[in-house]
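The shown structure was predicted, so the numbers you read here are calculated from the model rather than taken from an experiment. Counting starts at 1 for both ligands and their atoms, following the listed order.
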Amino acid sequence: AAKENGKASWSRFAPEMRQEIVEHVRLGGELHEALERDQLYLEYQPIVDLDTRRLVGAEALVRWRHPEQGLIPPGQFIPVAERTGLIVPLGRWVLRQACRQLAAWRDEYGTSALYTVGVNVAARQLGEPGFTGDVAAALRDAGLAPHRLVIEVTESSVLNARQVLKTLHELHRLGVKLALDDFGTRQSSLGLLRAFPVDILKLDKSFVDGIEDGQDDERLAVAAAVAQMAAALRLDAVAEGIESAAQVERLRPLGYRLGQGFHLARPLAAERVAELLVESDFSLAGPETTP
Ligand code: C2E
Ligand code: MG
Ligand code: MG
Ligand code: MG
């Protein structure tokens, strides 16, 4: 009966949806090969001090160079990797690669430049009992101090899971920094912020978009509230997805000292980051010279 049920529900899917499922299954298989055949690589998006325009850190963002389809963005394959469980080895690779890269930059250009690397971690990875061990091993093998690694998690992935809470506390004890990504988009409470050993709030791009036009804008109110909450709890706040100088002007007085976005810098290949670091004063261009 179960088999029949399966068949029946399969045939109920609309053709487009079936195609989407077939596509997911295909991508899932290919992703497995991608990991083994070095088709994945990381780009690094600078996180910038809004006053000095200096790089304080970078977020590692995974990319897939598919042999036929070209570049596939993470939004397309991370969900597939999460469903198939491949996110666990994939995420481990990202973590190790990002730690090695930051250590290489440190050795080459000194410690003042680009202090932290951020790595996005999916709920499924945090739920793995061995995750803290993987992080510790990645740091040790790279020779990187724990406080130079920022683990980025979303609020939804840390809600309602005992193992996850346990892992976050283990990571905190290890000395790793914890950032709440896409902050403001989910139900968040002060209670949650106090229960989790959080260090950084990353204001979601949706509150930065259009922040420059309205005076009594809801987005502006949320951006302000998040900055205040961060200040009250002594957390760092990073504004994400900054696309214009006008947005910087709005965010700075709210208390945002750190920002990330195409206006400041796009995600860059590791070699491009190195080019920024060799320049004696590598602060990123202001409004006039940003491409
Ligand atoms: P995220 O962690 O919130 O990363 C920020 C995303 O916003 C990146 O997209 C970045 O390229 C984009 N972005 C940054 N500044 C701007 C801007 O000014 N304008 C616009 N329009 N976009 C901007 P990307 O690289 O496509 O990554 C999308 C999402 O995929 C990430 O969102 C993250 O949730 C996930 N992701 C990326 N790499 C990894 C990874 O290694 N592991 C896991 N688990 N997830 C990852
Ligand atoms: Mg992120
Ligand atoms: Mg984000
Ligand atoms: Mg986001």
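- Under a 4.0 angstrom heavy-atom cut-off, K202 registers as lying outside contact with ligand 1.
- For the pair P267 and ligand 1, a heavy-atom separation below 4.0 Å is found.
- Any N or O atom pair closer than 3.5 Å counts here, and A60 shares no such pair with ligand 1.
- For the Mg ion (ligand 3), the N/O/S atoms of E59 include none lying under 2.8 Å.
- In this structure, H263 falls outside the shell of residues with a heavy atom less than 4.0 angstrom from ligand 1.
- Looking at Q247, K205, Q260 and measuring to atom 20 (C) of ligand 1, the nearest heavy atom belongs to K205.
- Closest N/O/S atom of E152 to the Mg ion (ligand 2): OE1.
- For E240, every N, O or S atom stays at 2.8 Å or more from the Mg ion (ligand 2).
- Ligand 1 has G241 within reach: a non-hydrogen atom of the residue lies less than 4.0 Å from it.
- Note on ligand 1: E240 sits in its first shell, one or more heavy atoms being nearer than 4.0 Å.
- Across L42 and A60, no two heavy atoms sit closer than the pair CD1-CB, 4.1 Å.
- No other N/O/S atom of D181 lies as close to the Mg ion (ligand 2) as OD2 does.
- The distance criterion of under 3.5 Å between nitrogen or oxygen atoms is not met by I78 with respect to ligand 1.
- The minimum heavy-atom distance linking A179 with V150 is given by the pair CB-CG1, 3.7 Å.
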